[in-house]
Amino acid sequence: MAQGSLRRGTEPSGWRGSTRILSRRFLAPAVFELELERPAALGFRPGQRLRLRREGCERDYSIASSPGEDGLRLLIRLFPGGKMTSNLAASAPGTVIEGSGPHGYFLFDAAGKTPVFVAAGTGIAPFRSMAASGAAGFVLLHGARTAAELFYRGFLEARAARYVGCLTRARPPLPAGTRPGRVTDALREDLAPGAYDFYLCGRSEMIRDALQVIDARFPQARVFTEPFS
Amino acid sequence: MKISTGSGDRGRTSLFSGERVRKDDMRLEAAGDLDELNAVIGCLSAGLPAAAAELKPELGTVQADLFSIGAWLSLSRTSPAAELLAPLDPARTGRLEKAIARMEGALPELRSFLLPGGGAAAGWAHLARTVCRRTERRVVRLFDLRPEDPPAALHEAVRYLNRLSDYFFLLARTLNRLEGIEEIPWRKEA
């Protein structure tokens with residue numbers, strides 16, 4: 001265990017209890033960032049998740065903020081009819097929420113090969129946390145419908161060796177730093193041969209499709225996955 | 001949690017620590033045998049005779065221990081996730097040793113080899129013992145992956161599995177005794 005070398009406040013330490021909503025900010029019509037008060041007992045690593053409970057529902061959300069930040073930021077897509085997300089979207093600042101964490105093992109290996117972050121939609125959240133914690137020099141492929149849904153773009157682009165927004169519904173002319181198509185297209189066509197560590201976060205269908213390309217083009221690569229349920 | 005993602009349809013899968021490996025990778029072979037062992041214990045537990053019902057929680061603890069061991073088998077030494085896994089606590093092996101001593105103290109001394117069998121529950125315990133031994137052999141092979149520096153967790157896993165097969169041998173004898181079923185000694189000529 002190398003925990004002795006971690007910065008204070010970053011050692012994973014279990015928390016279960018209640019916290020409060022500090023703010024809620026819509027980044028797109030159906031996507032909002034929820035900021036929660038960070039429980040003193042909660043230590044986590046970039047890439048880990050927070051579990052929230054509301055009225056019998058329980059969901060995990062990747063933490064978008066870094067362990068060095070005061071609040072806990074979550075990036076949440078509002079699903080039509082989704083009980084949990086609707087409830088959270090309607091909750092005012094000050095609302096008390098039950099939760100636990102940290103959960104998961106989707107961690108960044110700074111000693112690995114060139115990192116390639118592959119995110120779809122709100123799957124960008126753990127990569128924001130990793131970048132805010134010092135990860136740099138990564139290639140980032142972010143899939144979204146339109147450029148407006150390339151969340152945290154400015155922040156991530158400034159830290160990435162290469163940033164590619166993969167837009168599925170945008171019409172030409174596309175903004176700089178973007179391309180048409182899915183992240184799998186970028187994996188197939190834009191990524192030069194080389195040795196990489198891949199980090200995939202998003203819907204399980206995206207992860208399945210991305211793994212097909214990675215297995216074919218980069219059979220020696222390490223692949224860390226964080227599928228949304 | 002989705003069970004089927006289809007990402008392993010081409011014979012490759014991801015270790016817990018991220019490497020994409022063939023499904024016949026040594027680590028997966030070991031994890032697979034461990035999984036089989038856990039399933040056999042599930043059968044054993046489900047078929048415990050009423051007289052041995054108090055052993056069910058003990059078997060449940062063993063099954064949970066095997067999950068913890070499985071996580072260690074399914075990662076590489078350099079995985080960042082290894083830092084988050086709790087080390088395998090030698091106290092788990094200590095618990096087995098106490099159970100072994102408890103059963104040994106209540107059984108008649110063994111004077112010959114026994115044929116695996118007797119009652120059905122004892123039969124499951126013997127099967128668990130043999131799968132446990134195979135799992136142990138597979139885990140020992142993992143030392144070859146980094147012979148200069150096998151993780152402490154692998155050593156502890158082997159220690160645990162070594163005790164566990166002894167535990168199942170004694171459990172088989174105990175179950176036969178509790179059910180009033182005679183043990184079957186081995187004779188050179190049947």
### Message
Need one label for F106(A): side chain, backbone, both or neither, based on atoms under 4.5 Å from any heavy atom in chain B.
### Response
neither
[X], [atom1] atom: more than 12 neighbouring heavy atoms under 6.0 Å:
X: Q220(A); atom1: CD; result: no
X: R22(B); atom1: CZ; result: no
X: R182(A); atom1: CZ; result: no
X: E182(B); atom1: CD; result: no
X: D70(A); atom1: CG; result: no

### Message
Within the 4.5 Å heavy-atom criterion, are L211(A) and R20(B) side-chain neighbours or not?
### Response
yes
### Query
So, do L84(B) and Q48(A) sit near enough that their side-chain heavy atoms are less than 4.5 Å apart?
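Yes, close enough: below the 4.5 Å cut-off.
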### Task
Between chain B and each of D60(A), D209(A), V223(A), D197(A), count heavy-atom pairs under 4.5 Å; write down the option with the most.
V223(A)
#### Entry: Exam field: side chain R12(B) to backbone P219(A), donor-acceptor pair closer than 3.5 Å
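Side chain of R12(B) to backbone of P219(A), a donor-acceptor pair under 3.5 Å: yes, one is there.
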### Message
I need the minimum non-hydrogen distance between F108(A) and P80(B), along with the two atoms involved.
### Response
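So the two residues come closest at O-CB, 4.1 Å.
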